[in-house]
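Here is the structure we will look at.
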Amino acid sequence: MKWNRRDMVCMSNSIRWFGWQLRRDRGFLVFYIVALFCLFPLLTFAIYSPEDDSFLYLELVILPILCIVAMACFMPSHLFAHLWNKRELDLYSSIPLKRAAMFSLRFFTGLFISFVPLLMAIALECGVLLLLRMDTNLMMAMLRCTGKSMALGALLYSLNVWIAVRCHNRLDTAVMTISYLAVPLIIIVGVYGLIANNINAILVCNEADIIASLITENVLVRWLINLFAPLISFAMILSEGMTVFAAESLSKIAVPPFIWIMWLLESAMLTALSHRAYVRAPHEESGQRTSHIMMYPFVIDALTLGLFVYAMDVDDSTFSRSIFIGAIFLFLLLSFIAQRKVRIRIRHVATLAVLGILTGLLQLAVVQTAGFGLVQENIPADAERYRLIVTMDQYEEGQTMTMTSVWIEAGNDDLIGLLRSFQDEVIEDAKENDPSAWDDGKPTMTIQFNYDSNGGSGTRSYFLFDANQEYLQKYRAVISQFSEDSRVTTEIISES
């Protein structure tokens, strides 16, 4: 590869300017390093307890995530602030350095300041923990969470660099930085609530079983959420770290394996977009209002739609109306900030009307498409194992009997096929079951279909009123195959 003189000069200048940038920010850099030293090794000595190693979760998961998020939000606006001042932009343009090299210099300076001191502090922390003879397996489990947090932090940093380059002033950058964190969260919570509130119109089984598993048992949903909602991803990493000390069930909401590769790819894509925007940014837009379609226009509409959807999830009509009013207020407020004028235009009214219609259509689509295909009544055919639990109450006065089969492993096609056919039969009976037939002291039957797989686990349960004991007679032959068949034994039958 041949280098011309201009490229050599540019590279030489880049190295010198990298050193100058670090010297310029040395005050902040020293403060950050001292703060990290206090947060990690010194704090460890203060809270260390040989009987309780849960402090590792604070030191190796929570504190690094807080530092990563803080630096990923602060450094881009600090390093690219010259884009918002014409005089400063003209000054930097006079430097004998290509704009592409200037972008790379500032981008990698931010990465260096954000992550290198933190990595050094964590390495020092690990050294201290080894001297204290902490469990290395536990440390490695915590450090895996920290590694994922850093990959996610790189994505968040690149996103905020793109925002800083696309915005033309400090106010817009601050508003967009907060919005791009909040809007995905609001939309996901709103859609999740919309599906949960319409479960009864979609399914027959107990809605609590599905609501709890909308995220936990659907790997595709977890992947999509982690691709677009950094705050939820950080929360999932925190829950993943907590599984070492708390309930194993939290592992069901951990981030998908190898998602960090996608985070790095997204970061690279955003970096390329930021580089292109930086090189082509016209000087005359510096300090002007931001008009890029992915800034105010997109954020305002997405935020309002998310709040409208969330308002439809709320059962309390007064609170729901308050959210609708708040959504309209935020829509107008952000619109006024974007246009730098307090003026309601016809397009604002038209946009609100369209967003309201979209919200209604979205609710209709949730019911018609069974929650966009995310809600499935039948247990999956490709699970690793299955189990049937039948609880019969008051068939004999004062008695409750529970039959729990052992797990039926994949490959036992006869019993799995029988179980799935049995669920179809129970679904049809549950649709016709009359809740008014319930009477205290009369027989009832609860049938649960459990499944477990790498993609997630779940339950489908059905509650049947059986005053005339017709369901018991109807299901007796099928239930007996799970309780008496030599290939499947019952764990326990309890009476109370």
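Everything quoted here is computed from the prediction, not taken from an experiment. For reference, positions follow the sequence shown, starting with 1.
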- Message: Could you work out, with side chain to side chain donor-acceptor pair (under 3.5 Å) as the rule, every residue matching Ser267, not counting sequence neighbours?
- Response: Ser158
- Please step through side-chain contact (heavy atoms from CB on, under 4.5 Å) for the pair Met176 and Arg166, ending with a clear verdict. CA-CA 10 Å; Met176 291 300 104; Arg166 278 299 182 184; over 6 Å; no
- Message: To the closest 0.5 Å, what do you measure between CG (Leu56) and CG (Leu129)?
- Response: 5.5 Å
- Enumerate the residue pairs fulfilling side chain to side chain donor-acceptor pair (under 3.5 Å) with a member in residues 115-133, sequence neighbours excluded, ordered by first and then second residue. Thr44-Glu125
- Provide the full list of side chain to side chain donor-acceptor pair (under 3.5 Å) pairs with a residue in residues 322-338, sequence neighbours left out, each pair given once. none
- Task: Taking the side chain as every heavy atom from C-beta outward, state whether Phe234 and Leu152 have any atom pair closer than 4.5 Å.
- Result: yes
- Kindly indicate whether the side chain of Ile122, heavy atoms from C-beta on, has any atom under 4.5 Å from the side chain of Leu143. yes
- Task: Quick one: pull up CG in Leu352 and CZ in Arg347 and give me the separation to the nearest 0.5 Å.
- Result: 11.0 Å
- Message: Counting only heavy atoms not in Arg24 (residues, nucleotides, ligands), do more than 12 fall under 6.0 Å from its CZ?
- Response: yes
- Task: Taking side chain to side chain donor-acceptor pair (under 3.5 Å) as the test, write out the residues that go with Asp172, two or more places apart.
- Result: Asn169, Thr290, Tyr296, Arg340
- Message: Can you give me the closest heavy-atom contact between Ile187 and Gly306, atom names plus distance?
- Response: CG1-CA, 4.1 Å
- Message: Can you confirm whether Met236 sits close enough to Ile232 that some side-chain heavy atom of one is under 4.5 Å from a side-chain heavy atom of the other?
- Response: yes
- For Val165 and Ser274 the tightest heavy-atom approach is CG1-O, 3.8 Å
- Are the side chain of Arg460 and the backbone N or O of Glu377 linked by a donor-acceptor pair below 3.5 Å? yes
- Task: Output the distance between atom SG (Cys167) and atom CH2 (Trp162), rounded to the nearest 0.5 Å.
- Result: 8.5 Å
- Not counting sequence neighbours, which residues clear side-chain contact (heavy atoms from CB on, under 4.5 Å) with Gln363? List them please. Leu194, Asn198, Met312
- Kindly indicate whether the side chain of Thr271, heavy atoms from C-beta on, has any atom under 4.5 Å from the side chain of Phe103. yes
- Query: Got a sec, which residues hit side-chain contact (heavy atoms from CB on, under 4.5 Å) with Ser77, two or more places apart in sequence or on another chain?
  - Reply: Trp84, Thr173
- Message: Holding to side-chain contact (heavy atoms from CB on, under 4.5 Å), I want the full list of residues that pass it with Ala281, two or more places apart in sequence or in another chain.
- Response: Arg99
- Could you list the residues that satisfy side chain to side chain donor-acceptor pair (under 3.5 Å) with His82, not counting sequence neighbours? Tyr278
- So with a 6.0 Å cut-off around CE of Met269, is the heavy-atom count from everything else above 12? yes
- Taking atom CG of Leu273 and atom CG of Leu159, what is their separation to the nearest 0.5 Å? 11.0 Å
- Query: Quick one: salt bridge (Lys or Arg N to Asp or Glu O under 4.0 Å) partners of Arg289, sequence neighbours excluded?
  - Reply: none
- Message: Using every non-hydrogen atom in the two residues, find where Thr109 and Leu79 come nearest and quote the distance to one decimal.
- Response: C-CD1, 4.2 Å
- Message: How long is the straight-line distance from CG of Leu60 back to CE of Met140, given to the nearest 0.5 Å?
- Response: 10.5 Å
- Would you check if Thr304 and Leu330 make a side-chain contact, meaning some heavy-atom pair closer than 4.5 Å? no
- Message: As a quick check of understanding, evaluate side-chain contact (heavy atoms from CB on, under 4.5 Å) for Tyr180 and Met294, giving each step before the final call.
- Response: CA-CA 10 Å; Tyr180 265 90; Met294 291 303 295; 3.8 Å; yes
- Note on the structure: Note: Pro64 and Leu118 closest approach over all heavy atoms is O-CD2, 4.2 Å
- Message: Is the shortest side-chain heavy-atom distance between His275 and Val279 below 4.5 Å?
- Response: yes
- Note on the structure: Residues passing the side-chain contact (heavy atoms from CB on, under 4.5 Å) test with Ile261, sequence neighbours excluded, are Phe258, Leu265
- Message: Counting neighbours of CZ on Arg276 that are heavy atoms of other residues, nucleotides or ligands and sit closer than 6.0 Å, is the number greater than 12?
- Response: no
- With sequence neighbours excluded, give me every ring pair (Phe, Tyr, Trp, His ring centres under 6.0 Å) pair touching residues 139-160. Phe107-Tyr157
- Message: Tell me if a side-chain donor or acceptor on Arg387 pairs with a main-chain N or O of Asn450 at a distance below 3.5 Å.
- Response: no
- Message: Between Leu227 and Ile259, is the side-chain contact (heavy atoms from CB on, under 4.5 Å) condition met? List the steps.
- Response: CA-CA 8 Å; Leu227 288 177; Ile259 186 67; 4.0 Å; yes
- Tyr386 and Ala383 have their tightest heavy-atom pair at OH-N, 3.1 Å
- Parallel under 30°, tilted from 30 to 60°, perpendicular over 60°: which one fits the rings of Phe31 and Phe28? tilted
- For Gln448, does its backbone N or O pair with a side-chain atom of Ser461 as donor and acceptor, under 3.5 Å? no
- Below 4.5 Å, heavy atoms only, C-beta onward: do Trp263 and Ser233 meet side chain to side chain? yes
- Task: Using the side-chain contact (heavy atoms from CB on, under 4.5 Å) rule, take Leu63 and Glu59 through it: C-alpha gap first, then chi angles, then the decisive distance, then the call.
- Result: CA-CA 6 Å; Leu63 289 180; Glu59 287 287 297; 3.4 Å; yes
- Do Phe40 and Val128 come within less than 4.5 Å of each other through their side chains, counting heavy atoms only? no
Check residues 66-75 and write down every donor-acceptor pair under 3.5 Å in which the side-chain atom is one partner and the other belongs to a residue at least two apart or another chain.
none

- Is the number of heavy atoms from other residues, nucleotides or ligands within 6.0 Å of CZ (Phe336) greater than 12? yes
- Query: At what distance, to the nearest 0.5 angstrom, does CD1 of Ile300 lie from CG of Leu333?
  - Reply: 9.0 Å
- Aromatic rings Phe324 and Phe308: how do their planes relate, parallel, tilted or perpendicular, breaks at 30° and 60°? tilted
- Item | Heavy-atom pair of closest approach, residues Gln339 and Arg343 | NE2-O, 2.8 Å
